[in-house]
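Read through the structure below, which is laid out as C-alpha cells, and then see the notes.
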Amino acid sequence: MSGDSAQSGIAVDALNEPQSDAVAQADGPVIVFAGAGSGKTRVITYRIANLVATHRVPPYRLLGVTFTNKAAQEMKHRLERILGEGMARELWIGTFHAVCVRLIRRYHEQMGLNRNFVIYDDSDQKAVMTRVLKELKIDERRYAPKKVLARIQREKQEARGPDELSIDGYFDEIAKRCFEAYQRHLKAANAADFSDLLLHVLHLAEDQKSEAGAHLRSRFSHVLVDEFQDVNQVQYRLVRALAGEGRNICVVGDDDQSIYRWRGADVRNIRGFTRDFPDAKLIKLEQNYRSSGHVVSAALGVIRCATDRQPKELWTNNPDGEPVKVVHTANERDEAAHVVGQVRALIATGISPREIAVFYRVHAQSRVLEEVMRGQDVPYQIIGGHKFFDRAEVKDLLAYLRVIVNPQSDVDLVRIINKPARRIGARTIEHLAATALTEGCSLYAAIGPLCASTRIGAATKRHLRTFGELLGGFMRAAETASPRDLAEEVLEESGYGRWLKGQDNAEADARLDNLQELLGSIQEYEEDQSYADEEPTVADFLTRVSLAADADNLADVPRVPMMTVHAAKGLEFDHVFLTGLEEGLFPVRGQQAGEEEELEEERRLAYVAITRARHQLTITHTHTRMIYGQVRYNEPSRFLGDLPARDQERLVTEALRDVSRSVSSSQSSPPWRELIRAGSPQRSQAPTPPPPRPPGERYVERDPDGEDNTFGDGGDLDQGAIRAGTKVRHTKFGLGVIRQLDEGLDPAATVTFSGWGVKRIKVRYLKPA
DNA sequence: TTGCCACAAATTTTT
DNA sequence: TTTGTGGCAA
C-alpha cells in the first residue's frame, strides 16, 4: 500500500502520536509488547486511524477486537473523534463475541443455526447440564453439573469436540458422554453458549473447502487485537484465520498482565506469536506514562522475579513521588479502619473519591471494608458483582421472550412454566421431558402429545393446555407487536405482574421496578434502532442483552471504587489501597508442587494491582484475619519481600503494636517486630471513635462489636425517629436516605439508596441505620 | 407442591 | 461468615 496521505478532512495531527509511527507500517504481522501504563489501547486506535486515513484501507475491512464492551466502546469513541462518525461506524470494532454474532448473522445458514438462535449464559448452561445428567442417569452428587461443565468448557476453549476429548480416567468418560449430549441439547434448542459463538465462526473460517469459508477469510484486510495476552486457543486461531492470506495482523498485549489463565487464556499465544509469524515486527513499549517512579520501581521489583517472561524494562520519566506504604495491621477490622481513615484524610484534602480505589484479592474481603466505610460515611461503590440482566425477575421476563421467539429453548420454558404458579410442578415437567425424549421434540412441542396420553391427571392436563395456549397467543402477538408491546403484554397476560403485585413486600416492589426498567431498556433499544434505521426485533434485543456487560450506572455522587484486583485491570487511579497482602490470600495458593504456574499468575496479578496507581500506593496486610468464619494467622505475602527497600516505607498500626507487645513478651520475637518504627503516624485503633455527625441527626453510642447500629434502644423505626434525611437500612438495598415520608396506616417512604437509586418502600421494611 | 432445615462449600469473571 | 442445595415433612 502506498504512503499517499492526501486525505480528506481527517485530523492528521491526531495521528502524530509518539508511538504511532512505530506501528504505522501497514502490512505484515506486528506484535506490540506494551508495558503497563505505556498507552496500549492508544496504539491500536492510532494504527487503525492511520490505516484508514493514510493507507486508504476501507473501514469496513478493518477488524478491531477487544475483550470487554467497555474497551470496545472506548476505542470506537476515540476513532469517532479522529475519523469522524461516518467512517468510524463502518469499522468492525467489538468484543470477540459481538463480532462473532455479527458474522453468524451473515453466515448462519452455513453454520447450521436458525436466525432466531438464543445465547445460553452460565446458568442456562448449568440447567442444560443438569437435564443431561438426569437423562443419562448420572449421579449429580458425584458429578456436579458445574464440574462437568467446567471440563467441557476447557475442551471447547481449545476448540476440541467430544471426539477429541482425551480420556484419562472415569471422570473423562462421563464428561465425554455429557459433552455429546450437551451439544445435542443446544442444537435442538437452537441455542449456542458463549464458546459456540466463537467456534461456529472458527469452523467456517478454517474450512478450506467451502466458498463461504474463503469469503470469510478474505473479508478483512487488517485484524487488530487488544489485550492479546488474554486470548485463548480458539480466539487465537480465529484471528489468525480471519487475517487470511494478507496476514495483516497486529496484536498488542503484555504478558506480565496475563491474569486469566484459569479462564482459558493462554500466555503461550503471545509468546508463541513470533513462532507462527516469524517475520512479525516486534515492538516494545517500555515507557510508563502513568505512575510515579516509586510505583513503577515497586512493580518492577515484583515482576522481575517472574520466571519465563518476555524480557523488558519498564521505566518512567515521572517524578519519584512518595514511597509505597506497607502497613502491617492487627486484623481485618484494623486494616479496614486504617484504610478508611486514610481515605477520609485524602478526601478531606479535596481529592475526589473517584480517584481513590480500594482493591482486594477476593470478594469476601469487601464486607468489613464496606461496614467501616458506611460507619464513617465514606461514599463507596463496589465494582463488579451481579448484572442487572441477571436478576431473577429480569431473567424470567427475558425467558418468556426467548421461548416466544424460539420455542425450542427448553431451559427457558422450564424457567417460566410455573412462574407464576400454575400448578405445573417438577413431576409434570419430568413427564413432559420424558415425552419430549420419546417424541424427539422440544418440551413445548411435547405438551400436545402428553395431554393426549393418559400419564397425567385431567387437572394437570388442563393446566398444561392453558399454558400452551398462553404461549401460542404470545407467539401470534409477536408477529405484529413491537418488542416493547410484546414484553408488556407478556407481563400482563402471563399473570407475572399480578403475581408480583400480590406479594406485598419491598422485595416484590423492587422486582416490579426492575421489570419497568427492563421495559425501559427495550424501549431504548427500539429508539436506537429507529435512529439507525433498522427494524427492532425481539431476537436482536435478546442477543444484545446476552452480550451486554453490567450497565455501569454512572454514579451521581463521586464514590470510592472498591473492587477485586481482577476487576481493576485496565483502570488507573491517583491513590490505590491494596489490601490483604498475605500468604494464603494473595497469593491465594501456590505453595505446593505443581502450582508454580498458579503462583506465577498471582505474581502477575500483584503487578497489575501495583501498576494501577498513579501517585500513591498503600499496601496493607494483617496479623490475623477472620475469613470464611475462621481466624487465620498470616505471614506477610512473599510479594512484599520483592519490593525494593528504597521504594517502600513500612508502618504498623497502633493496634498491631499492642498485639506485638503482648505476643513478644511470651514468644520469641516475631519477624515483623522490626517493622515498628518510632513515630509512625498511625492513628488506627480497634474501637473507632464516633465520626462527626451532621446536625439534625441523632447520634447514639455504637455497640463495640459494630453490629447493627440502632436508633436509641433499637428495634423498629418508630414514627418519631424518622423524617426526611434520616438514614435507614434495607436488607436488600443497604444504606439509604429518606427523601419523603407518607404517613398513614402503612406508612411508606421514598428512599434514595446508594447504588440502587430512588425506591418507594414501606417503612416497616426499613431498619434504622 | 411448597416450605423449611441441615449441611457443605467457599478464588478470580467477561461474554 | 455467607450462600446455595438437597432432603424431607406438611
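Hydrogens, waters and symmetry mates are skipped; everything else that's a heavy atom, side chains included, is used. All values reported here derive from a predicted model rather than from experimental measurement. Just so it is clear: chains get the letters A, B, ... in the order the sequence lines come, proteins before strands, and each one is counted from 1.
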Assert: residue with more 5' nearest nucleotide on DNA chain B, out of A/Arg263 and A/Ala426, is A/Ala426
Does the structure show A/Trp262 stacking with B/dT12, if we require the centres to be closer than 5.5 Å and the planes to be within less than 30 degrees of parallel? yes
Select base, sugar-phosphate, or nothing to describe what A/Glu602 touches, counting heavy atoms under 4.0 Å on all strands. base
Base, sugar-phosphate, or nothing: which does A/Asp122 touch, judged by heavy atoms less than 4.0 Å apart? base
Is there a salt bridge (charged side-chain N to carboxylate O under 4.0 Å, His left out) between A/Arg361 and A/Glu582? Walk through the geometry before answering. CA-CA 10 Å; A/Arg361 176 66 243 270; A/Glu582 296 140 30; over 6 Å; no
Regarding B/dT12, can its base be found pairing with the side chain of A/Arg361 as donor and acceptor, where the two atoms are less than 3.5 Å apart? yes
Looking for any heavy atom pair under 4.0 Å, which part of the strands does A/Lys126 touch: base, sugar-phosphate only, or nothing? sugar-phosphate
At 4.0 Å (heavy atoms only), tell me whether A/Phe67 reaches a base, stays on the sugar-phosphate, or touches nothing. sugar-phosphate
Does the side chain of A/Asn69 get closer than 4.0 angstrom to OP1 or OP2 of B/dT14 through an N or O atom? no
Only one of A/Glu572, A/Glu227, A/Glu74 passes salt bridge (Lys or Arg N to Asp or Glu O under 4.0 Å) with A/Lys40, and that residue is A/Glu227
Among A/Arg604, A/Arg603, A/Lys569, A/Arg309, exactly one meets salt bridge (Lys or Arg N to Asp or Glu O under 4.0 Å) together with A/Asp256. Which residue is that? A/Arg309
Check whether any side-chain N or O of A/Lys70 sits under 4.0 Å from OP1 or OP2 of B/dT15, and answer yes or no. no
Donor-acceptor pair between A/Thr543 and A/Arg105 side chains, under 3.5 angstrom: yes
N-glycosidic conformation, B/dT11 - syn within 90 degrees of 0, else anti: syn
Would you indicate what A/Arg427 reaches in the nucleic acid, counting non-hydrogen atoms under 4.0 angstrom: base, sugar-phosphate, or nothing? sugar-phosphate
Presence of A/Tyr628 side-chain N/O under 4.0 Å of C/dT3 phosphate oxygens OP1/OP2: no
Indicate, with a heavy-atom threshold strictly under 4.0 Å, whether A/Ile429 touches base, sugar-phosphate, or nothing. nothing
Between A/His363 and C/dT2, is there a contact of a side-chain N or O with OP1 or OP2 at under 4.0 Å? no
